[in-house]
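Have a look at the structure below before the remarks.
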Amino acid sequence: MNDERNSSDGRSRRWLLTTAGVTSAALAGCTDFLSEADSVADGVTSQGGDDESGAGAASGSIRWPAIDEGESLSDFEDLNEWNAWKTDLSAAPDEARIGTQAAVIESDEREASINLRFPDGLDLREWDTSLAVKPENATRIVVEFLAPDREARLNTVRTIPDEFDGWFRLDCGYEHKPEGEPDLSNVTRINIVAVGPEDGKTRVLVDDLRRTTGADNGKAILAFYGGHDSHYDIAAELLEERGWAAAAAISPDRIGDQGRMGQRQLHELQDRGWDICSYPRVSMALPEMPESRQQQVLETNRDLLESAGFEDGARHLFIPEDRMDATTNELIRDVYDSAFLFGSCTAGIPPTGMHTIPLIWGPALHNGVRRHINLADQYQVLTVLRIPRIVDEEDVHPDANRMSLDDFEHLLNHLEHRGLDVITPSDLVDGTFESDDDGDETFNDGRPEGTILEAGQSHAFEGSGSSESLTIDLDDGVLSASFSHNGDGDFTVDLIATGDGRDDSLVTTSGITAGESIAAVESGTYRLEVDTDSTWSIDLYQPEVHADDLDSLPVEARGSGSGFVGPIWTDSDVRLEVTHDGDGDFIVDGYGADGSMESIVNQTGTVDNSRSYRAGGAVWLNIEATGDWTLEVTDS
């Protein structure tokens with residue numbers, strides 16, 4: 001049953017978190033072969049590319065999930081174009097989706113892999129890529145785009161439901177950017193890697209690799225599972241403030257249950273543009289049911305929603321327990337216009353596989369979600385975020401399907417700051433997902449002159465032990481903090497708005513230390529919450545900032561412990577190269593003179609990676625670290 005108190009849902013949630021978290025580590029194992037594969041014979045060229053009809057080979061009809069949109073990159077008619085590494089690559093005429101044959105990728109090992117080279121470079125800057133896949137014995141499909149090499153690549157990592165071994169269309173949204181900054185105007189190789197079960201023996205069929213026209217801007221769908229009261233009382237109001245709509249995934253037989261929305265609330269959300277979608281409550285996963293029972297469940301839930309007046313939303317399914325086999329998929333395509341299930345990946349817009357659209361567990365802000373949002377923004381792809389019941393922080397438990405209000409607001413702020421279009425499933429199906437504007441950045445394109453921020457308030461405090469009684473007034477601008485702590489334990493200082501301002505963390509550190517931090521604040525009254533067992537001091541001031549104070553890119557900095565960098569002048573998105581050699585938390589937040597905030601890095605332990613930051617204007621970078629760190633800021 002789809003209930004947060006049900007033990008199977010708890011296991012499902014832990015699986016979602018675990019899978020999202022191990023993606024990066026798993027990639028290391030399934031791409032080690034690539035450096036050796038560089039030694040295979042040269043002379044591989046791209047297939048087609050000018051075939052606007054998408055017909056591929058001269059003979060043979062198009063069979064689902066092949067499509068006739070966009071341009072063919074390979075129809076797998078000539079397997080000599082593909083390089084195989086410790087993998088058997090063979091033709092499968094009986095399985096052809098387009099032309100006369102599909103391709104079989106198989107290995108006695110856990111990984112089977114092939115790659116296609118583009119010696120002159122392939123431009124994917126305004127394109128999405130997809131292919132037909134049949135995972136007969138695989139748990140994950142990885143597609144890598146080397147742009148132009150392994151030091152600058154983007155990865156698709158698609159999780160496969162355990163029972164599923166049929167054909168589907170895999171949309172190659174970018175889930176991971178391991179290192180470097182890829183140049184999609186110069187993709188020199190596409191690698192397809194099938195990852196099998198623990199016992200090895202991997203077998204996957206592929207066909208119809210192609211590119212289709214991409215969207216104008218990154219998109220996000222917020223999918224609120226269960227129809228909880230908090231989705232109406234809290235989430236709907238926060239979305240309404242931003243002019244956004246969402247999807248409510250509900251089981252019709254639970255409408256009006258205790259703690260869940262009734263007909264009136266659901267119809268009000270529909271009037272605001274929301275989709276009220278099907279999320280059947282089941283006693284067992286769909287693949288465990290006889291085919292006739294599966295069809296009955298799917299049709300009944302759709303029909304009940306339609307009869308209740310939710311015709312638009314009834315076209316869309318959120319698959320219960322994220323379980324699906326080939327039969328289930330075939331039935332879903334007959335009953336619904338779109339379907340969503342866990343896949344921990346982004347997708348092209350619109351997806352070419354409309355009934356296997358991947359989603360990710362929304363509360364995993366620092367375990368994949370913020371990265372998905374950033375990549376969706378940077379590469380104009382789609383991320384679908386599953387949102388459970390929203391509760392206060394103290395009511396969030398490890399095994400419960402819940403999201404704290406603070407995390408939910410953080411998520412909305414990050415979506416807003418990144419500039420993603422928040423859309424609905426009906427927007428995807430009906431083609432109404434394009435932005436109303438021309439996609440131009442809203443940032444200033446000229447360096448300012450004179451005074452950027454006026455000087456504001458200043459305050460100084462010192463004490464011993466924790467305190468929650470320190471109240472201060474602040475003006476619009478930035479707030480700089482210089483602090484010291486004389487103890488071995490933790491030392492945190494949180495800034496809590498007593499009115500309309502934004503809560504923020506000024507200090508998160510431990511041990512005997514001194515440092516600096518910075519935050520963007522709105523005018524208002526705030527309370528300082530100091531948590532420590534030792535003596536401490538903190539000086540707060542709001543500096544006057546002049547145009548002459550702005551550093552130009554590139555900017556390099558290094559330090560130890562807490563500190564900040566800036567102000568920096570940026571006229572567009574920037575790229576950060578960061579390192580950290582400590583054992584504890586490493587956090588980098590970006591603040592703008594316009595009051596914007598973005599969480600850029602939130603990791604533990606050693607770090608050596610790059611991140612994009614949606615900057616613009618005068619910005620500061622705040623660093624919380626337990627060891628030495630370096631930071632390099634350049635144009636994106």
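For this chain, numbers begin at 1 and follow the sequence in order. The figures here come from the full heavy-atom set of this structure, side chains too, leaving out hydrogens, waters and symmetry mates.
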Between [X] and [Y], a side-chain donor and acceptor under 3.5 Å:
| X | Y | value |
| --- | --- | --- |
| Glu77 | Thr100 | yes |
| Trp167 | Glu95 | yes |
| Ser338 | His316 | yes |

Residues that [X] engages under side chain to side chain contact (heavy atoms under 4.5 Å, CB included), provided they are two or more places apart:
| X | answer |
| --- | --- |
| Asp183 | Ser185, Asn186 |
| Ala339 | Leu317, Ile319, Ile332, His355 |
| Thr432 | Asp427, Asp430 |
| Val104 | Ser90, Ala92, Glu106, Arg203, Leu205 |

Query - Sole candidate of Val204, Ile192, Val193 that passes side chain to side chain contact (heavy atoms under 4.5 Å, CB included) when paired with Ile114 - result: Ile192
Query raised in the report: Knowing that exactly one of Thr129, Leu154, Leu122 qualifies, which makes a side chain to side chain contact (heavy atoms under 4.5 Å, CB included) with Val187?
Result: Leu122
If only atom types and distance count, is the side chain of [X] paired as donor or acceptor with the main-chain N or O of [Y] below 3.5 Å?
| X | Y | result |
| --- | --- | --- |
| Thr156 | Gly173 | yes |
| Arg302 | Tyr336 | no |
| Asn137 | Lys201 | yes |
| Asp149 | Ala152 | yes |
| Arg140 | Val157 | no |

Query raised in the report: Does any pair with a residue in residues 157-172 pass salt bridge (charged side-chain N to carboxylate O under 4.0 Å, His left out), and if so which ones, sequence neighbours excluded?
Result: Glu163-Arg323, Arg169-Asp208
**Report entry** Of all pairs that satisfy salt bridge (charged side-chain N to carboxylate O under 4.0 Å, His left out), the ones with a partner from residues 332-345, not counting sequence neighbours
**Finding:** Arg315-Asp337
**Report entry** side-chain hydrogen bond (donor to acceptor under 3.5 Å, both in side chains) between Thr328 and Gln294, intermediate numbers included
**Finding:** CA-CA 7 Å; Thr328 307; Gln294 292 189 55; 2.5 Å; yes
Close side-chain approach of [X] to [Y], heavy-atom, < 4.5 Å:
| X | Y | value |
| --- | --- | --- |
| Ile221 | Leu359 | no |
| Ile357 | Leu382 | yes |
| Phe342 | Ser344 | yes |
| Trp85 | Asn191 | no |
| Val297 | Asn301 | yes |
| Thr356 | Phe164 | no |
| Val422 | Leu412 | no |
| Phe310 | Pro252 | no |

Query raised in the report: Looking at residues at least two apart in the chain, or sitting in another chain, which of them share a ring pair (Phe, Tyr, Trp, His ring centres under 6.0 Å) with Phe433?
Result: none
Query raised in the report: Sequence neighbours excluded, which residues qualify as ring pair (Phe, Tyr, Trp, His ring centres under 6.0 Å) partners of Phe318?
Result: Tyr225, Phe340
What closest approach, in Å, do [X] and [Y] show between heavy atoms, and which atom pair accounts for it?
| X | Y | result |
| --- | --- | --- |
| Ala247 | Pro425 | CB-CD, 3.8 Å |
| Ala103 | Leu89 | CB-CD1, 4.0 Å |
| Ala347 | Pro358 | CB-CD, 4.1 Å |
| Ile600 | Ser612 | CG2-O, 4.3 Å |
| Gln380 | Asp128 | O-OD1, 4.4 Å |
| Val143 | Leu131 | CG2-CD2, 4.4 Å |

Requested in this report: Please determine if Arg210 and Asp207 form a salt bridge, counting it only when a charged side-chain N lies under 4.0 Å from a carboxylate O.
Outcome: no
**Report entry** Arg117 bridged to Glu81 by N-O distance under 4.0 Å
**Finding:** no
Query raised in the report: Considering residues, nucleotides and ligands other than Glu330, do more than 12 of their heavy atoms fall under 6.0 Å from its CD?
Result: no
Rounded distance (nearest 0.5 Å) linking atom [atom1] of [X] with atom [atom2] of [Y]:
| X | Y | atom1 | atom2 | value |
| --- | --- | --- | --- | --- |
| Glu306 | Asp312 | CD | CG | 10.0 Å |
| Leu365 | Leu411 | CG | CG | 6.0 Å |
| Thr383 | Glu175 | OG1 | CD | 9.5 Å |
| Tyr279 | Leu305 | OH | CG | 14.0 Å |
| Trp64 | Phe168 | CH2 | CZ | 9.0 Å |

Apply side-chain hydrogen bond (donor to acceptor under 3.5 Å, both in side chains) to [X] and list each qualifying residue two or more places apart in sequence or on a separate chain.
| X | value |
| --- | --- |
| Gln603 | Arg611 |
| Gln296 | Arg293 |
| Asn374 | His414, Arg418 |
| Arg242 | Asn413, Glu416 |

Requested in this report: Show the numbers, then the answer: is there a side chain to side chain contact (heavy atoms under 4.5 Å, CB included) between Asn401 and Trp361?
Outcome: CA-CA 10 Å; Asn401 288 346; Trp361 176 248; 3.8 Å; yes
Report task. Would you sort out whether Leu385 and Ile360 count as a side chain to side chain contact (heavy atoms under 4.5 Å, CB included), showing the intermediate values? Result -> CA-CA 5 Å; Leu385 305 165; Ile360 189 172; 3.4 Å; yes
Query raised in the report: Where do Thr202 and Glu111 land on the side chain to side chain contact (heavy atoms under 4.5 Å, CB included) test, with the steps shown first?
Result: CA-CA 6 Å; Thr202 302; Glu111 296 167 10; 5.9 Å; no
Report task. In sequence, state the C-alpha distance, the side-chain angles, and the governing distance for Val601 and Leu576, and then conclude on side chain to side chain contact (heavy atoms under 4.5 Å, CB included). Result -> CA-CA 10 Å; Val601 179; Leu576 274 65; 5.9 Å; no
